[in-house]
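Below, chains carry the letters A, B, ... as their sequence lines are ordered, and counting in each starts from 1. Keep in mind that the numbers below use all heavy atoms, side chains included, and drop hydrogens, waters and symmetry copies.
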Amino acid sequence: MFETIYRWFISLFGSNLAEHLSGWDEAEGDYTKLNLFLIIGIIALASAVFVCLTYYYFYNHPRQNHWNKWLLLWLLPIAVINLFVASGITYYDVMNDYISSDLLPVYWYNCLGFGLTNFIVSAGWFVIISLIIKMVGVIVPKWSSRNCKYSPF
Amino acid sequence: MSKLYVFAIGGTGSRVLKSLTMLLSAGVECKDTIIPIVIDRDIANGDLEKTRDIIKNYILVNTYVPKEKKENKNRFFGTKIELLNDKLELQLNDETSKFSDYIDRDGMSKANKALTNALFSEDTLEMDMTVGFQGNPNVGSVVLNQFEGTDIFSNFANNFDEGDKIFIVSSIFGGTGASGFPLLLKTLNKTNPNLSKWGLVQKATKGAISVLPYFDIEEDTTGTSLVKSSTFIDKTKAALDYYKSLDKQIDVLYYIADKERSQLEHNAGGKNQKNQANFIELASALAIVDFANNVQPQRNRNDKTKIDKTTYKEFGIIPSKDVDENGNERINNCKEISFADMPETNKIIRTPLIQFFLFRKYLKEVYEKENKYQPYAHNFFDNDFLETANILALVKIQDEFYTWLKEMIWLNYDKTKQNRSFEPLKLAANIADVFQFITDKKTIKRGSWKYKNWAWLDNELNGQADKVAKSLSKEEQFVELFYRATENFVEKLVNKKK
């Protein structure tokens, strides 16, 4: 699932990096290496879940329920962190020649493009999880967030 | 619920009634329905006009606030106030402007005219009575002797039920109050075969407060005024001497006075007479609350008609003590009274005043900014909601409440203080520490570790929003919600022991 989502944005980071992230191993001639789409995807999803739960239930603050604070103080930071996580991991692989030679060349801007993809994907997760929490609150009112149940709208 | 008919006589009567309405707005408990009747010949006077507006708004708000039930906690505006014939004032039949015309001096025989001239000065005889009796009880006692023929008085008698009580508020040092009180009491106690339920009125439990001098007035620069504060004490002595005859004519008689008197601007009467609120008026209003809550009908009577004894009550304050910088005990001189100086009264007014003040403070300082974000208000209570007629009436009373508190401290626009001020709450906004507004509490927690200042109250409002019954009307929910949140403020932040 994660790979499919990331591949929607393949134009941002290129097919060579995509193959590497899928776990392509030149020596084996197969996708036997760690699937980085999965790892980075899980990190993006888990961090979005964690931050959403913190926002809606643990921190749950009446001064944070303005839509602009939801966007700028919560969604944006987690998306930026995920941008750095994704571009950092891939750039590390580029710098250390962990990318199969038949997939070269992969440049720094491909890494940044993937970081940008992860930024979009993690922001998407944050929006979806926010909506799920809001829906749960509508169905089971006692589970709704006391102070942020109408955030961001 | 039994009714308490409150006859408020003269300017002091109106101002005490205003203080009572302020206390009831804040949720001070009063077990009876209050039916105010103002007796004042100066019906255009500013104090009465203000009181009339406040009571009109109070009655409107009282119609929609949640009534005390199992699921409702609200006590704001909890006591019902009703008007007889939809009128606050007992309109006297006679509207003669000059006293000489009222007694028809020109139509008198020569001998009677001479006697009249000997009894009353020319200034008094030519006095404009449309602005009251200007400190002349001798005139008031003649002119006010016409209660019985009025519509509102007949209506009062016809509506009177078993268990209803009567209370009279008047000052002793002016004209209208000093003369009106004994006259009214005499009328209420005498037999009146023309009114069907008069027997109930005659044997009803009756109380009164007589307010002794509690302010002075500036000298009249024109030299034409008949109102002089130098005469207050002499008039009081004379009236008190006469009031001795009221013993056993009334069940409970409250007295109140103040030696620390502020000097008010001189006004003979009319719309310019808008005296600043005074702590004595608040304390006098508490006499009405005490009478309603604590005086049992027929308590002082053996055979239900004759009063065996009159109970006399006075109001006092117990100065609080604290410690100065050198560790010495210091007793408050009570020039500035706070909650701490009134341990008994505190039990009645402290929590309601704090709650109502916080309610207004929030609406003024936070509501407009936050209502679109906070769940308690989201798509339900918006800025326009405060402009609806019902809520506007509530907001107007809150503004009057603030002015009332301010006037009990300041005589004029923050320049001169009252000689004895009542300062239980700090009125100026403290942005850094919004809950630090109770004078006798040096430190009030800003909230919890997580929610501070207004965020703490918003969190309470959001939490209480789900507990307020959705079957209530929008206005009811609004008042109930704020009552619950401000109640939690008092319980969790103000009264909580460290």
Under 4.5 Å to a heavy atom of chain A? For N459(B) that would be both
Checklist entry - Near E365(B) CD, under 6.0 Å, is it more than 12 heavy atoms from other residues, nucleotides or ligands? => result yes
Honestly, the part of W454(B) sitting under 4.5 Å from a heavy atom of chain A is both
Distance col, row Y150(A):OH vs N462(B):CG, nearest 0.5 angstrom, shows 9.5 Å
**Report entry** Within 6.0 angstrom of F84(A) CZ, more than 12 heavy atoms from elsewhere
**Finding:** no
What do you reckon, is NZ of K134(A) surrounded by more than 12 foreign heavy atoms closer than 6.0 Å? yes
Contact list (residues 474-491 of chain B to chain A, heavy-atom gap under 4.5 Å, by number) returns none
Within residues 62-80 of chain A, contacts to chain B at heavy-atom distances under 4.5 Å involve P62(A), R63(A), N65(A), H66(A), W67(A)
Y451(B) and N147(A) have their tightest heavy-atom pair at OH-ND2, 3.6 Å
message = Check this for me: Y31(A), atom OH, are more than 12 non-hydrogen atoms of other residues, nucleotides or ligands nearer than 6.0 Å?
response = yes
- Item | Residues D458(B), R146(A): salt bridge by 4.0 Å N-O rule | no
Give a yes or no on whether the backbone of K450(B) and the side-chain of H61(A) come within a donor-acceptor separation of less than 3.5 Å.
-> yes
